[in-house]
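Only a predicted model underlies this, so the values are computations on that prediction, with no experimental measurement involved. Read the numbers this way: they start at 1 and go in the same order the structure lists the ligands and their atoms. These numbers come from the heavy atoms of this one structure, side chains and all, not from hydrogens, waters or symmetry mates.
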Amino acid sequence: MAPSKQYDEGGQLQLMDAERIEEEEECFESIDKLISQGINSGDVKKLQDAGIYTCNGLMMHTKKSLTGIKGLSEAKVDKICEAAEKLLSQGFMTGSDLLIKRKSVVRITTGSQALDELLGGGIETLCITEAFGEFRSGKTQLAHTLCVSTQLPIHMHGGNGKVAYIDTEGTFRPERIVPIAERFGMDANAVLDNIIYARAYTYEHQYNLLLGLAAKMAEEPFRLLIVDSVIALFRVDFSGRGELAERQQKLAQMLSRLTKIAEEFNVAVYITNQVIADPGGGMFITDPKKPAGGHVLAHAATIRLMLRKGKGEQRVCKIFDAPNLPEGEAVFQVTSGGIMDAKD
Ligand SMILES: Nc1ncnc2c1ncn2[C@@H]1O[C@H](COP(=O)(O)OP(=O)(O)OP(=O)(O)O)[C@@H](O)[C@H]1O
């Protein structure tokens, strides 16, 4: 196994030896382990070529989709799934076991204590957090701050891991990372090296990037995936009412992929969303805006945050929907050093 990375006292990501990382990081079974269960390496390679790098990821595919992989017959797929089941204990678990599993959830600081408190500690791994709001409400600035804070060690409320950034609007600015890294006392170049970035131009490109990401996440310790914005390309590539059903179906597939990545690799998925006018909101609603993406997005995102502008550089975050967080709001501020607590 290649050497992986760890932080020194100053919070900087450093190379660490393979054994230590194996103890700490293994939350999935590599697909190579199927070979020890009698699956031939050629078939394992076919799975990898199809973007499946872990047994956990394999179990998230239906047999129908696996037999769609060139060279894998139904009989082979049955054998492969049986072998993967032996390596994993899927199926039912007790509530106590689940509680232990939930202990692996990492919460990554947003840079603002008030916002962290609202979120129960920060942005969680194992699920999707969505931020929606008007333009300039701070969604992308929060994404930039998370790019840096994810690399902090756990005891500094970071995620001790790398970041993958999919940008559909061309709004990522590496130069913004520099002052944010400096604010956290980190070396900006090292921080930038630990962010992998891709610009997506079509919804298909966006989906294919996610498939390719599994290979990287199986090899290196990632803790955050950002898609900014998740819906923009769908709104461009599908136009008009006639294409709405197809758009929602493709969007659902992509969101399902994001959920699986979150669970397979214990990463936090942070997506941004746009708002659309809500003509159904009625004349008594003061701000008739709602998140785009309809029910499909509403069901996929576990934690939904609504951002809006406050006075000056202040922004307000409201919990719009979350299974285990009380309703509430937090005020924060966008600064050159990223997201911080509001000054007054
Ligand atoms: N270096 C900086 N220092 C202070 N504030 C900044 C800095 N850079 C950006 N901002 C603030 O962040 C705001 C932009 O926020 P952001 O790009 O996160 O918006 P957004 O919600 O992603 O909007 P959009 O939908 O347009 O992408 C700017 O209006 C500005 O107020």
How far is [atom] from its nearest protein heavy atom, and which residue and atom is that?
atom: atom 4 (C) of ligand 1; result: Thr335 C, 3.6 Å
atom: atom 26 (O) of ligand 1; result: Phe135 CB, 3.2 Å
atom: atom 31 (O) of ligand 1; result: Glu313 OE1, 2.6 Å
atom: atom 14 (C) of ligand 1; result: Arg136 CA, 3.9 Å
atom: atom 22 (O) of ligand 1; result: Thr140 OG1, 2.6 Å
atom: atom 13 (C) of ligand 1; result: Arg315 NH2, 3.8 Å
atom: atom 8 (N) of ligand 1; result: Arg176 NE, 3.6 Å
atom: atom 3 (N) of ligand 1; result: Ser336 N, 3.3 Å

Just to be sure I read this right, does ligand 1 sit under 4.0 Å from the backbone of [X], its side chain, both, or neither, counting only heavy atoms?
X: Gln333; result: neither
X: Asp228; result: neither
X: Glu134; result: backbone

Closest to atom 5 (N) of ligand 1 by heavy-atom distance, out of Thr171, Val334, Val275, is Val334

Nearest non-hydrogen contact to atom 21 (O) of ligand 1 from the set Gln274, Lys139, Gln141 belongs to Lys139

- prompt: If you round to the nearest 0.5 Å, how far is CZ of Phe265 from CG of Leu126?
  reply: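 Between atom CG of Leu126 and atom CZ of Phe265 there are 12.5 Å.
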
Value rounded to 0.5 Å, distance of CD in Glu74 from CG in Leu72: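 These two atoms lie 11.5 Å from each other.
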
| request: Could you tell me whether Gly138 and ligand 1 have an N or O pair separated by under 3.5 Å? | output: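 Yes, there is a polar N/O contact under 3.5 Å.
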
Review point. Should Glu169 be counted as touching ligand 1, given the test is an N or O pair under 3.5 Å?
Key: no

Any [X] heavy atom less than 4.0 Å to ligand 1:
X: Ser137; answer: yes
X: Met340; answer: no
X: His144; answer: no

Can you tell me if CD on Gln113 sees more than 12 non-hydrogen neighbours from other groups inside 6.0 Å?
-> no

Quick check: are there more than 12 heavy atoms from other residues, nucleotides or ligands sitting under 6.0 Å from CD of Glu175? yes

The single option from Leu258, Ile271, Thr150, Val163 that satisfies side-chain contact (heavy atoms from CB on, under 4.5 Å) with Leu225 is Leu258

ask   = Does Asp187 offer a backbone N or O that forms a donor-acceptor pair with the side chain of Glu182 under 3.5 Å?
value = no

Would the distance check show the side chain of Glu134 and the main-chain N or O of Lys309 forming a donor-acceptor pair, the cut-off being under 3.5 Å? no

Quiz item: Pick one: which of Lys76, Lys79, Gln48 meets side-chain hydrogen bond (donor to acceptor under 3.5 Å, both in side chains) with Asp43?
Solution: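 Of Lys76, Lys79, Gln48, side-chain hydrogen bond (donor to acceptor under 3.5 Å, both in side chains) with Asp43 is met by Lys76 alone.
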
Margin query: Regarding Gln274 and Glu169, do their side chains bring together a donor and an acceptor under 3.5 Å, going by distance alone?
Written below: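 The criterion, which ignores hydrogens and geometry beyond distance, is satisfied for Glu169 and Gln274.
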
With sequence neighbours left out, the residues meeting side-chain contact (heavy atoms from CB on, under 4.5 Å) with Val331 are Gln314, Val316, Ala342

Determine, using ring centers only, whether Tyr197 and Phe172 are less than 6.0 Å apart. yes

